[in-house]
Amino acid sequence: MRGMRGRRRARGTREASEAQVPAGASETEGSSEASEAGAKRQRPWLRLPRLSVRRLPRSRRGRRLAVQGVMALCVLALLPATWMRVGTGSQVGTTADAPAREVAMVFGAGLWKGRPTPYLAHRLDAAAELYRAGKVKVVLVTGDNSRVEYDEPDAMRTYLTERGVPDDRIVSDYAGFDSWDSCVRAKKIFGVDRAVLVSQGFHIHRATTLCRSAGIDAYGVGVDEPRDATWYYGGTRELAASGKAALDALLRPDPRFLGPQEAGVAEALASAAP
């Protein structure tokens with residue numbers, strides 16, 4: 001009997017110890033989970049942000065309103081460019097259509113390894129054609145020279161002289177940082193009252209609008225280009241640029257750099273006099 005009691009007592013002790021093992025494990029897991037929760041409370045940056053995704057409207061009326069909103073935004077984006085194109089329709093043409101003016105004005109369009117890009121070269125070719133045809137006497141090249149290593153006007157001057165335009169008939173504006181600045185400086189700094197503007201077709205309407213708003217009697221020559229990726233990029237960029245141009249034409253802000261008046265155009269015209 002005493003042996004039976006001993007075996008029962010040993011079995012009960014072993015069962016009790018086995019029963020205590022999962023209980024101990026659960027306590028350990030519970031304490032680790034509590035410590036992790038506390039750590040997350042102490043470190044809020046571990047919390048992932050909740051992403052809210054807006055669903056498309058499900059009702060027919062909601063979808064109709066969404067489509068109308070998109071259409072309204074498209075109309076607002078196209079309105080400035082349309083206004084400029086319509087307003088300058090009769091003042092834009094080709095080199096053959098251009099009237100005789102004393103000054104041709106060429107806007108910068110970037111450099112590649114210190115030389116004019118193809119688009120800028122085509123603008124300069126048109127200006128040289130106007131000079132050879134006797135329609136202009138002086139070429140004003142306006143571009144960016146905000147950095148020592150980047151000089152659009154000098155590169156444009158070199159290109160024109162290589163094509164037969166005399167150096168003393170070329171005037172450089174080194175602060176033509178954008179179209180509005182170029183137009184205002186041509187009027188206020190260089191004293192240009194009438195000019196033939198030269199640029200690509202997608203830009204010439206904006207340039208003509210801005211120069212006329214700056215007080216210049218401007219006629220625009222649009223240079224034709226193939227419909228490649230660059231042309232489509234330029235046309236798309238005009239949608240955004242036209243909005244800024246409309247504000248410039250309305251508010252007429254001062255250019256980034258105005259500076260003192262320069263006699264470059266007057267001196268070039270004097271040298272061209274017979």
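We count residues from 1, following the sequence as given.
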TODO: For residues V106 and L140, determine if any side-chain heavy atom of one lies less than 4.5 Å from a side-chain heavy atom of the other.
DONE: no
- Query: Is there a path of hydrophobic side-chain contacts, each under 4.5 Å between heavy atoms of I, L, V, M, F, W or Y residues, that connects V196 with V171?
  - Reply: no
Correct closest heavy-atom pair for A155 and P116 would be O-CG, 4.0 Å
Under 3.5 Å, is there a donor on one side chain and an acceptor on the other for Y150 and E152?
yes
Validation row: V103, K137 side chains within 4.5 angstrom (heavy atoms):
no
Note: G108 and R123 closest approach over all heavy atoms is O-NH1, 3.3 Å
Requested in this report: May I ask you to decide whether D178 forms a salt bridge with R256, counting only side-chain N to carboxylate O separations under 4.0 Å?
Outcome: no
Q | R212 (side chain) donor-acceptor with Y219 (main chain) under 3.5 angstrom | A | no
ask   = Is there a side-chain contact (heavy atoms from CB on, under 4.5 Å) between M105 and V192 once you walk through the steps?
value = CA-CA 10 Å; M105 184 173 169; V192 176; 5.8 Å; no
With hydrophobic residues grouped by side-chain heavy-atom distances under 4.5 Å, do I204 and V141 end up in a single group? no
For I189 and P260 the tightest heavy-atom approach is CG2-O, 3.3 Å
>> Between R252 and D248, does any NZ, NE, NH1 or NH2 come within less than 4.0 Å of an OD or OE carboxylate oxygen?
In response: no
F107, L120: one ILVMFWY side-chain cluster at the under-4.5 Å cut-off? no
In short, A218 meets C211 closest at the heavy-atom pair CB-CB, 4.0 Å
I'd like to check R194 versus I216 (side-chain heavy atoms, cut-off strictly below 4.5 Å). Are they in contact?
no
| message | Strictly distance-based, threshold 3.5 Å: is any side-chain N or O of R185 a donor or acceptor partner for the main-chain N or O of D173? | response | no
Quiz item: Any luck finding a side-chain donor-acceptor pair between R206 and S242 under 3.5 Å?
Solution: no
**Study point:** Test item: N145 side-chain N/O and R147 main-chain N/O as donor-acceptor pair under 3.5 Å
**Key:** yes
- Task: Could you state whether L197 and F202 fall into the same hydrophobic cluster, counting links through intermediate Ile, Leu, Val, Met, Phe, Trp or Tyr residues with side-chain heavy atoms under 4.5 angstrom apart?
- Result: no
With no hydrogens and no angle check, do the side chains of Y174 and D151 hold a donor and an acceptor under 3.5 Å apart? no
Please step through side-chain contact (heavy atoms from CB on, under 4.5 Å) for the pair R101 and K135, ending with a clear verdict.
CA-CA 6 Å; R101 301 282 169 90; K135 292 191 173 184; over 6 Å; no
Taking every heavy atom of F177 against every heavy atom of S146, the minimum-distance pair comes out as CE2-CB, 3.7 Å
- With side-chain contact (heavy atoms from CB on, under 4.5 Å) as the test, would you mind laying out the steps for L210 and V184 before giving the verdict? CA-CA 9 Å; L210 290 175; V184 174; over 6 Å; no
Check: Is it the case that more than 12 heavy atoms not belonging to K188 sit under 6.0 Å from its NZ atom?
Finding: no
Counting neighbours of OH on Y233 that are heavy atoms of other residues, nucleotides or ligands and sit closer than 6.0 Å, is the number greater than 12? no
- Message: With a 3.5 Å distance limit and no angle check, can you tell me whether W180 reaches the backbone of A249 through a side-chain donor-acceptor pair?
- Response: no
Heavy-atom check, side chain of T158 versus side chain of R115, under 4.5 Å: yes
Rounded to the nearest 0.5 Å, the CG atom of L124 sits from the CG atom of L160 at a distance of 4.5 Å
field: Any donor-acceptor pair under 3.5 Å from R163 side chain to Y159 backbone
entry: yes
Could you go through M156 and I170, starting from their C-alpha distance and side-chain angles, then the distance that decides it, and tell me whether this counts as side-chain contact (heavy atoms from CB on, under 4.5 Å)?
CA-CA 9 Å; M156 296 162 74; I170 304 170; over 6 Å; no
* Asked: Distance only, no hydrogens: is a donor on one side chain within 3.5 Å (strictly under) of an acceptor on the other, for T208 and Q91?
  -> no
(Q) Counting C-beta onward and ignoring hydrogens, is there a side-chain heavy-atom pair between D125 and V223 closer than 4.5 Å? (A) no
Residues G215 and K187: closest non-hydrogen pair is O-NZ, 3.5 Å
